[in-house]
Amino acid sequence: MSQLSHQAPWRCALQGVREAIPLLGGYIPVALSFGVVATQAGFSTWEATAISALVYAGASQFLFVGMIATGAPLWLVVAMTLLINVRHVVYGPNLAALLPRSRHWPWLMHGLTDQVFALALTRLPQLPEATRFSWFVGASLLAWGAWIVGTTVGATAGETLTARWPLLGEIMPFALPALFLTMVAPRFTDKRWAVAMGCTILAALCLNLVGWSNVAIPLAAACGALCFYTVTFETRRRTS
């Protein structure tokens with residue numbers, strides 16, 4: 001048993017915080033962008049902050065404020081938000097196998113995002129089981145807090161910042177895609193993952209080209225998952 005498993009829970013949580021810090025490079029710029037977009041759509045600073053605190057769903061939040069601003073019916077806004085986030089149905093079972101049972105998990109599911117999932121899926125198997133819960137708490141709380149603070153700053157001062165530095169407004173929306181690329185790129189070294197991700201990218205591109213951009217994320221993810229579980233590569237062994 002490693003020494004880490006004997007550490008206090010708060011130390012393990014701090015380790016999760018430290019290891020999640022690189023995620024902020026993608027979270028904060030996009031949260032700032034959302035704060036700006038929300039205020040431009042007519043939401044107050046407090047409303048924008050509440051959306052980030054309660055919905056906390058990245059792309060779905062942009063869709064949410066856009067549809068509300070254009071007068072879309074509430075049932076359609078809720079349905080589209082849930083549809084985009086249906087990918088979390090895949091995330092949960094994958095992490096459940098790596099985490100201990102706890103009565104607190106229904107509350108902590110709110111902290112599960114794409115980036116936290118990617119980090120946890122890589123890091124949790126390397127940690128002693130006794131430390132995993134605290135690690136996940138620290139990592140997810142840091143990401144959630146940064147998202148809320150970034151939204152608040154963007155809603156209050158985002159327009160001033162982008163007016164003074166116009167290039168900043170062009171760079172911020174690319175921060176989150178760039179973060180995804182850095183996490184996904186290492187997977188292309190595996191043939192099965194490369195084919196699945198290639199299928200996902202192609203499906204998303206085609207759906208956007210035909211005008212189905214609102215459902216491109218969940219449908220493309222479903223195509224990629226189906227490809228991953230149906231395509232296999234046999235390892236050929238050389239015979240002398």
Asks: Same cluster for Leu82 and Leu74 if Ile/Leu/Val/Met/Phe/Trp/Tyr side chains link at under 4.5 Å?
Replies: yes
Asks: Enumerate the salt bridge (charged side-chain N to carboxylate O under 4.0 Å, His left out) contacts for residues 66-76, please, sequence neighbours excluded, ordered by first and then second residue.
Replies: none
Asks: With heavy-atom distances below 4.5 Å as the criterion, would you say the side chains of Thr200 and Cys223 are in contact?
Replies: no
Asks: Which pairs of donor and acceptor atoms, one on a side chain in residues 148-156, lie under 3.5 Å apart (sequence neighbours left out)?
Replies:
from	atom 1	to	atom 2	distance (Å)
Thr151	OG1	Ser52	OG	2.6
Thr151	OG1	Trp147	O	2.9
Thr152	OG1	Thr49	OG1	2.9
Thr152	OG1	Ile148	O	3.0
Thr156	OG1	Thr152	O	2.9
Thr156	OG1	Val153	O	3.1

Asks: Please report the interatomic distance CZ(Arg11) to OG1(Thr131), rounded to the nearest 0.5 Å.
Replies: 14.0 Å
Asks: Gln61 side chain to Ala57 main-chain N or O, any donor-acceptor pair under 3.5 Å?
Replies: yes
Asks: Are any of the side-chain heavy atoms of Val116 and Trp144 separated by less than 4.5 Å?
Replies: no
Asks: List for me each residue that meets ring-ring contact (aromatic ring centres under 6.0 Å, His included) alongside Phe34, sequence neighbours excluded, and say none if there are none.
Replies: Phe62
Asks: Less than 3.5 Å apart, which donor and acceptor atoms pair up between the side chains of residues 133-143 and the rest of the protein, not counting sequence neighbours?
Replies:
from	atom 1	to	atom 2	distance (Å)
Trp135	NE1	Glu19	OE1	2.8
Ser140	OG	Phe136	O	2.7
Ser140	OG	Val137	O	3.2

Asks: Report yes or no: do Trp46 and Ile51 belong to one cluster of Ile/Leu/Val/Met/Phe/Trp/Tyr joined by side chain heavy-atom distances under 4.5 Å?
Replies: no
Asks: Running the 4.5 Å side-chain criterion over Ile, Leu, Val, Met, Phe, Trp and Tyr, what cluster does Trp10 land in, apart from itself?
Replies: Leu14
Asks: Is Leu209 isolated, or which residues cluster with it under the ILVMFWY side-chain rule of less than 4.5 Å, directly or via members?
Replies: Leu205
Asks: Any chance the side chains of Gln126 and Arg123 put a donor and an acceptor closer than 3.5 Å?
Replies: yes
Asks: Hey, could you give me the OG1/OH distance between Thr113 and Tyr91, rounded to the nearest 0.5 Å?
Replies: 8.5 Å
